[in-house]
Structures are given as C-alpha cells and as structure tokens.
Amino acid sequence: MIRNIQDDLYYTGVNDRAKIQFENLWPLPYGVSYNSYLLIDEKTVLFDTVDNHFSGVFFQQLEEALNGRKLDYLVINHMEPDHSGSIAILKRRYPGVQIVGNAWTLSMVGGYYGISDGLLSIKDNDELPLGKHTLKFFLTPMIHWPETMMTYETTTQTLFSGDAFGCFGALDGGIKDTQLNVEKYWDEMIRYYSNIVGKYGVPVQKALTRLQSMEIRTICSTHGPVWTEKENVDRVISIYDRLSKYETENGVVIAYGTMYGHTEAMAEWIAAELSERGVKNIVLHNLAVADPSYVLRDLFKYKGLIVGSPTYNNQLFPKVEALLSQIQLRGIKNRCFGYFGSFTWAGAAVKRLAAFAETSGFDTIAASVEMEQAGFESVKEGISALAQAMAEKLK
Ligand SMILES: Cc1cc2nc3c(=O)[nH]c(=O)nc-3n(C[C@H](O)[C@H](O)[C@H](O)COP(=O)(O)O)c2cc1C
Ligand SMILES: [Fe+2]
Ligand SMILES: [Fe+2]
C-alpha cells in the first residue's frame with residue numbers, strides 16, 4: 001500500500017528486518033528502513049532508491065505511486081549502496097530518467113553502475129523548478145561520505161537530508177512521527193550517529209550552520225521516521241548538533257575487560273562509590289559481551305569515561321584495546337577520564353591506559369588504580385579517590 005507524506009509526496013522506501021548488522025558491524029534490534037520518496041508535480045522526482053535486495057517491492061511501489069506518469073528525475077543525495085543499490089535497474093526500467101547529483105556523485109554513478117548518459121550535474125545552491133515545487137541543492141560533504149548533499153523543497157519546506165538525521169529502526173506501520181510511537185528511535189538515533197557519522201563532527205557542524213537560514217517543516221532522511229512535528233524536528237536537529245559538538249549529559253560509562261572477575265569487581269566497586277556520591281547515570285559495559293555500538297552510543301552521551309583492563313600477555317585485554325581505537329577513530333573530545341587495571345606478575349594494562357590518556361586529550365581526573373592479584377584492600381583508597389574526583393566533575 002502506497003503511503004503519503006504530503007499531498008504530492010509519496011513514501012517509496014522499504015523495511016529491512018532480516019539484516020543482522022548494518023555495514024556488517026552494527027546490530028539492528030529493531031531493523032532499519034531504507035527511505036525513498038516520490039514527489040509528483042509537473043515533473044516527477046524520486047529521491048534516492050533502496051538496497052537492491054528490495055528492488056522487487058521498491059519498483060512495485062514506485063509504479064503505483066507514479067500512477068501512469070513517467071519518471072523525470074532521480075535525485076541522489078547519497079551514493080552509498082544502501083540507497084543507490086537500485087539505480088542500475090531503475091535506469092533500465094526508466095531509460096528517460098535524468099539522474100541529478102553533484103559532480104562527485106555522478107562520477108560514482110559511473111564507477112559503480114556504468115551510467116554515463118542522462119546525467120544532470122548540479123552545483124551548490126542550484127535550483128530545479130518542478131512546477132508548484134522547487135528543489136534547492138546543498139552540498140554537505142563528509143556526512144559521512146564525500147559526495148553527500150541535501151535537497152530542500154522550498155514550497156513545503158521539506159528537507160531531504162540523506163543520512164543526516166537518520167536513525168536505526170524499521171517503520172512499523174507508520175512512516176511519519178505523528179503515526180508512530182517514536183520513543184525507541186531517540187536512542188537508536190544516538191547509536192546511528194555515534195557509529196556511522198560520529199567521526200565527522202566538524203562537517204556536521206558546517207552543514208547545520210547552513211541549515212540555520214532555512215525554515216524546516218519536515219525532515220525526510222534516508223533512515224527512520226519522517227519528522228514533521230515542530231517539537232520533533234527541533235529535537236532531531238539538536239541531537240545532531242549536540243553530538244557533533246561532542247557535548248554530553250551528566251553520567252559515567254565504565255567499560256572494562258575481565259577474564260576471572262577481579263577487574264570486574266573493581267568496576268562494580270567504582271560504580272557503587274559513584275552511586276554513594278549521588279551519580280545516577282552509570283552504565284557498566286563488560287566489553288567481552290557488550291556490542292561496541294552500544295558502548296559508543298553511551299560514550300557519546302555521557303561526560304565521564306572510566307576504563308579498566310586486566311593485563312593480557314603484557315598488553316591490554318584485546319577488547320579494551322579495540323575500544324580505545326574506536327574512541328580515537330571518532331575523535332571523541334571533552335570527556336572526564338579515569339582508568340584502572342589489574343595484573344598477576346608484571347602489570348602492563350595501566351601503563352597502556354596511561355599512554356592512551358596522554359594522547360586522547362581527555363581530562364584525566366585522578367590517579368590510576370592498579371591491583372595486583374586479589375589485593376582489593378590495597379586499592380581501596382585509590383578507588384574512592386577516583387570515584388570522588390569523577391563525582392565532583394559531574395556536579
Ligand atoms: C592469557 C593470559 C595472559 C596474561 N598475561 C599477563 C601478563 O602479561 N602480565 C601479568 O601480570 N598478568 C597476566 N595475566 C594475569 C592477569 O592479568 C590477571 O589474572 C588479571 O589481572 C586478573 O583480572 P581478571 O580477574 O579481571 O581477569 C594473564 C592472564 C591470562 C589468562
Ligand atoms: Fe551512508
Ligand atoms: Fe544510509
């Protein structure tokens with residue numbers, strides 16, 4: 001059944017509830033949607049396509065929405081295969097379609113799909129009149145690919161934003177925020193942002209600055225609900241704004257590795273000491289079982305980060321090492337950092353965490369705590385001091 005977003009705007013996207021991990025990396029407990037939209041005016045315009053596994057459903061919907069009209073334009077906001085996967089088939093089915101994109105996008109369309117005719121190259125701020133509606137193009141490179149752009153429809157003030165403002169989670173029944181219980185999408189938006197876009201805070205800020213001059217009534221992104229209520233549109237933009245500035249809420253993530261539970265006992269102890277000092281937002285992640293996408297989501301949320309690791313073959317526990325690299329890759333800033341570790345014959349974990357603390361640019365808030373074997377008594381003061389310093393920072 002074909003659904004409307006507005007009078008002349010139809011939803012032609014699909015839900016994927018079978019994919020186990022997005023990018024073969026990030027789990028999808030609620031699935032994911034690949035959104036595509038068709039605008040009908042004197043000219044007809046399709047915004048992005050869908051993953052090619054869904055071409056069958058997609059073309060059926062497109063035909064129904066076109067209702068006998070020919071397809072004039074395909075606007076490509078983002079050339080990643082989760083949105084561009086059906087372009088080659090689209091071109092064969094609708095050979096007269098003009099493919100609209102910036103120069104970088106169009107070169108990728110050639111590279112991936114061998115298409116070299118029927119291309120309409122647009123530049124930043126160009127406009128494309130369609131009849132009652134007019135499209136305006138904004139190049140917003142590196143959210144999170146170099147060719148990304150957004151398309152603004154000036155009459156209805158609708159922003160086709162590409163991956164920006166997207167989130168995980170299939171669309172169960174409703175398409176628009178007014179038709180859905182949107183509660184589950186907020187955390188999925190933070191997880192989407194921190195894992196996929198997280199590294200690109202500066203380009204996101206540049207894009208947001210450009211959007212300030214526009215009135216935005218509706219956001220049609222490539223994943224997740226269509227946002228139409230003012231309160232939600234503002235919230236979506238403010239989530240992206242806050243995260244791209246690496247701004248935080250008060251709270252602490254304690255991420256640790258453990259083989260036999262001693263490092264874990266230290267983590268629990270630190271958490272209890274924080275709680276005694278009034279800290280409520282405390283999330284412990286046992287890195288052996290926690291999926292990194294959730295750890296990163298919480299890292300993007302909270303101001304405090306405490307990392308613990310046993311010594312493992314004169315190194316960090318491997319999953320802790322992996323987390324540090326994911327933090328570094330995303331250039332996460334403005335965190336209060338503490339760390340602890342354990343060993344049996346020659347400690348290395350805390351040394352490596354100290355090196356990380358040096359290069360991370362984080363504010364290291366207390367001395368490290370290092371435990372030999374089960375020497376809990378000997379680390380009592382260190383643990384209290386670490387918790388005390390963190391609790392003070394969060395006040
Ligand atoms: C495979 C393996 C390698 C280890 N390598 C070291 C090491 O290089 N240096 C050391 O002092 N302890 C080493 N240990 C001992 C652990 O660091 C120690 O038992 C640990 O700190 C206990 O913490 P846990 O109970 O949280 O796992 C190793 C233990 C294992 C199982
Ligand atoms: Fe993407
Ligand atoms: Fe995407």
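Whatever order the structure lists them in is the order used to number ligands and atoms, beginning at 1. Every value quoted in this text rests on a predicted model; they were computed, and no experiment measured them.
At least one N, O or S atom of D163, from either the backbone or the side chain, sits less than 2.8 Å from the Fe ion (ligand 3). Because the distance cut-off is set at 2.8 Å, D82 fails to qualify as a neighbour of the Fe ion (ligand 2), as none of its N, O or S atoms comes that close. None of the N, O or S atoms belonging to H78 lies under 2.8 Å away from the Fe ion (ligand 3).
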**Prompt:** Which is it for R242 and E249 under the side-chain contact (heavy atoms from CB on, under 4.5 Å) test, yes or no, and what are the steps along the way?
**Reply:** CA-CA 10 Å; R242 242 188 30 239; E249 297 167 39; 3.8 Å; yes
**Message:** Walk me through whether T248 and R335 qualify under side-chain contact (heavy atoms from CB on, under 4.5 Å).
**Reply:** CA-CA 8 Å; T248 51; R335 294 297 184 278; 3.2 Å; yes
**Request:** Tell me, with the steps shown, if Y185 and L171 meet side-chain contact (heavy atoms from CB on, under 4.5 Å).
**Result:** CA-CA 10 Å; Y185 296 103; L171 300 174; 4.1 Å; yes
**Request:** Would you please test Y193 and F300 for side-chain contact (heavy atoms from CB on, under 4.5 Å) and show each step?
**Result:** CA-CA 9 Å; Y193 179 90; F300 266 81; 3.9 Å; yes
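Counting only heavy atoms of the protein, atom 31 (C) of ligand 1 lies nearest to M259 SD, 3.5 Å.
Heavy-atom proximity to S342, at under 4.0 Å, picks out these atoms of ligand 1: 20 (C), 21 (O), 22 (C), 23 (O). The contact set between ligand 1 and F343, taken as ligand atoms under 4.0 Å from a residue heavy atom, comprises 11 (O), 17 (O), 21 (O). Each of the atoms 7 (C), 8 (O) of ligand 1 lies under 4.0 Å from some heavy atom of N314.
At under 3.5 Å, not a single nitrogen or oxygen of Y312, backbone or side chain, sits near a nitrogen or oxygen of ligand 1. The distance criterion of under 3.5 Å between nitrogen or oxygen atoms is met by A346 with respect to ligand 1. Taking only nitrogen or oxygen atoms, main chain and side chain alike, W345 reaches within less than 3.5 Å of ligand 1.
Residues V252 and L323 do not share a hydrophobic cluster, defined by chaining ILVMFWY side chains whose heavy atoms lie under 4.5 Å apart.
Ion pair R93/E63 flagged as a salt bridge, since at least one NZ, NE, NH1 or NH2 atom sits closer than 4.0 Å to an Asp/Glu carboxylate oxygen. The pair D187-R297 meets the salt-bridge criterion, since a charged nitrogen lies less than 4.0 angstrom from a carboxylate oxygen.
Closest approach between the Fe ion (ligand 3) and any N/O/S atom of H83 involves NE2. The Fe ion (ligand 2) is closest to atom OE1 of E80 (considering only N, O or S atoms).
A cation-pi geometry, defined here as NZ or CZ lying under 6.0 Å from the six-membered ring centre and within 45° of its normal, does not hold between R191 and W26.
Within the set N313, T344, T263, T311, the minimum heavy-atom distance to atom 14 (N) of ligand 1 is found for T311.
Side-chain atoms of T158 never come within 3.5 Å of backbone atoms of E153 as a donor-acceptor pair (strictly under, hydrogens ignored).
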